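Following: one structure in structure tokens, then a few remarks.
So you know, we letter chains A, B, ... as the sequences are listed, proteins then strands, and number each from 1. Bear in mind the structure is a predicted one, so any value in this text is a computation, not a measurement.
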Protein chains: 2
Amino acid sequence: MTVVYTQTDSGVRPVAASEPVSASERAYRQLRVEILDGELPSGTGLLEVEQAARIGVSRTPLRAAIARLISDGLVAGRSGRGFVVTEISVERIRELYELRQALEEQAARLAAQRRDPAVFLALREQFVSAPELLRQGEDGIHRYYDLIDELELAIDTAGANPYLVGALDAVRTHLSRIRRLARGNQTRLRAAATEHLLIIDAIIAGDANLAAHATHVHLHQSLTSVLAAIDEDAANRAD
Amino acid sequence: MTVVYTQTDSGVRPVAASEPVSASERAYRQLRVEILDGELPSGTGLLEVEQAARIGVSRTPLRAAIARLISDGLVAGRSGRGFVVTEISVERIRELYELRQALEEQAARLAAQRRDPAVFLALREQFVSAPELLRQGEDGIHRYYDLIDELELAIDTAGANPYLVGALDAVRTHLSRIRRLARGNQTRLRAAATEHLLIIDAIIAGDANLAAHATHVHLHQSLTSVLAAIDEDAANRAD
DNA sequence: CGAGCATCCTTTGTATACAGAGGGCTCAAT
DNA sequence: ATTGAGCCCTCTGTATACAAAGGATGCTCG
């Protein structure tokens, strides 16, 4: 089944933004989100014709989308048997964090050297009141994650290094695949807020080494928490 | 970032050709080499039809090649006016080295922790005799660069982190575009050999911190040398 | 003479038809 | 019953035809 040619695809998605994005872009975004959200779990086989029909584009833009996903490391090619969503094992998570350590520490260093204090002072206030946010249920947790995104954006912007930001984006893409597991652990989130405050203070103070070390500690704790969540998850599945 | 697995690559493939590679792969490799070697300088405009005709493939595989080059950061898309080979300014080089610092230091750390001493002891011997190599003219210099590649490969292998290796590969891709400038500076190469020896010794000793610091120093010197070479080059052009 | 607009042309974006490679399945022989 | 070979069928790789978008140019009107 094909949708023939889509004229001004008006209103299929809820928020959608109504921008006239290209078919390949649409396919890329949809597949990416589906992989990241776990709707297409690790190991899922992708067939060009099948996916093209499902998304409603022809094979050409779909191929472009797959190519980008391969560059992202989210999909791998098989010989003559289509493509697969890449696996993400515990070992891979450890490796990912080794890379993340290097990148985030450098980003924190650069941010401490080049930051606009006003930006981080404003962020500081928000993180101080983060524990209150966490008492507001699911919605508060969502807003807390948004806050973390803002911090990361502020650090990236202050660092002003496109190459570093690009590498970090790649890492964060993979992280978001596993973040669902540890999501919503109140105790951990409260501790994380404290650690983030430490990082912010170091950046405000312009203390690059402290910012790097605080980041190191934070990521160590984060990894520990993630691994524990996975163990717990595995134990629950075994029951 | 790419890679992940695919370790069938046995050997460095000296000539490699005559494999039945796909048209898109051919187009990608050719364009990549041409950009890296400077045959297609920064700012060169690329037109699909034109390049497809030149390389001898149709537009479809060429588009795939361009897409990969965009992922690599070697090419950028223009709105309705084709594609361009990306510019590589002094500022970009500084930024690239900031990322490289983070990655190579981490790689050195991991290598020191996980290395097989025998591999690095063998490399050590070769680097001890590197100064002799440099007296043998252009051919010796070429073998010296191969030696550096071997060291990088050994460090990557010891680190055993595909994500980190992938990020480093991306950085090295961009570096090779500017390496031509500083190539063949005997004084610098001799100093670099000493710095490499220090890194190797730290890895053999299993001293992660020393390996990281030695790498930091080495890259600092390397950047200084590269920037000086560029200044000199610019001065020569101005004459 | 200048500015705004319409048109054309160039170049990318998309669809589809065709070719080739690779694996799985079946059938037969031992 | 098991194993081997050969065929078939599926799926990707490639080529080409068509559509649409964006910019440059020239024309006209003020």
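Within a 6.0 Å sphere centred on CZ of B:Arg143, heavy atoms belonging to other residues, nucleotides or ligands number 12 at most.
Computed from coordinates, the A:Ile70 CD1 to D:dT12 C1' distance equals 11 Å when rounded to whole Å. At whole-Å resolution of the value, CD in A:Glu48 and C1' in D:dG13 are 8 Å apart. Atom CZ in A:Arg26 sits roughly 8 Å away from atom P in C:dA15 (whole-Å rounding). Rounded to whole angstrom, the span from the CD1 atom of A:Ile66 across to the C1' atom of D:dC11 amounts to 13 Å. For the pair A:Leu47 CG and C:dG22 P, the computed distance is 17 Å after rounding to whole Å. Between B:Leu62 atom CG and C:dT11 atom C1' there is a gap of 13 Å when expressed in whole angstrom units. Between the CZ atom of A:Arg63 and the P atom of D:dT14 there is a distance of 7 Å, rounded to whole Å. Atom-to-atom, CZ of B:Arg81 to C1' of C:dT12 comes out at 12 Å; the value is rounded to the nearest Å.
When every heavy atom of B:Ala23 is checked against every heavy atom of B:Val57, the shortest pair comes out as CB-CG1, 3.7 Å. In this structure, B:Tyr97 and B:Ser222 approach most closely via the heavy-atom pair OH-OG, 2.8 Å.
A cation-pi arrangement is absent between A:Arg115 and A:Phe120, since the terminal nitrogen or guanidinium carbon is not both under 6.0 Å from the aromatic centre and inside a 45° cone about the axis.
Residue order along DNA chain C, read from the 5' end via each residue's closest nucleotide, puts B:Val49 first among A:Arg59 and B:Val49. Of the two residues contacting DNA chain D, namely A:Thr60 and A:Phe83, the nearest-nucleotide position lying further toward the 5' end is that of A:Phe83.
B:Leu46 comes within 4.0 angstrom of the backbone, heavy atoms only, and of no base.
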